[in-house]
Amino acid sequence: MVSTISVLQWNCRGLMEKLPQIQDLLSRFDFLCLQEILLKTNIKFSSMRHVQIREDMVPGGGRGIAILVNSSIKFESLDLSLHHHSS
């Protein structure tokens, strides 16, 4: 038996402005990897069927990312903050 997962990556340039499209995508994909979500920490967004990993906008340039994972998929989030590349 082969299990498949579906993944979508999208630079959405504003999550709240694209909410209807994102809700549709959440029903069709196991993983949504979103860039430029343009959310601040005080803005709440949730999905009953997806777990959210999110880094919000920061002053000076970071525009935010979110990874939404179907809650039926077991996963582990790794803290890579201590790993730096020399470039």
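No hydrogens, no waters, no symmetry mates; every other heavy atom, side chains included, goes into these values.
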Side chains of [X] and [Y]: does their closest heavy-atom pair fall under 4.5 Å?
X	Y	result
K40	D56	no
Q23	S47	no
I65	I53	no

Specify the closest pair of heavy atoms between [X] and [Y], including all atoms of both residues, with the distance to one decimal.
X	Y	value
R28	S6	O-OG, 3.4 Å
C12	L34	SG-CB, 4.3 Å
W10	Q21	CH2-CB, 4.2 Å

Establish whether [X] and [Y] are linked, either directly or via other cluster members, by ILVMFWY side-chain heavy-atom contacts under 4.5 Å.
X	Y	answer
L38	V58	no
I43	L15	yes
I73	L26	no
F75	I5	yes
L68	L39	yes

Using the rule given for side-chain contact (heavy atoms from CB on, under 4.5 Å), can you reason through R63 versus R13, listing the C-alpha separation, both sets of side-chain angles and the distance that settles it, and then say yes or no?
CA-CA 9 Å; R63 298 173 64 91; R13 295 183 183 102; 5.6 Å; no
Look at the side chain of S71 and the backbone N and O of V51, then say whether any donor-acceptor pair between them is shorter than 3.5 Å.
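Judged by distance alone, no pair lies under 3.5 Å.
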Evaluate whether atom CD of E55 has more than 12 neighbouring non-hydrogen atoms of other residues, nucleotides or ligands under 6.0 angstrom away.
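No, CD of E55 has 12 or fewer neighbouring heavy atoms, counting only those of other groups under 6.0 Å.
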If you draw a 6.0 Å radius around CZ in R54, do more than 12 non-hydrogen atoms from other residues or ligands fall strictly inside?
yes
Could you state the interatomic distance from CZ (F45) to CD1 (I37), rounded to the nearest 0.5 Å?
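The distance works out to 9.0 Å.
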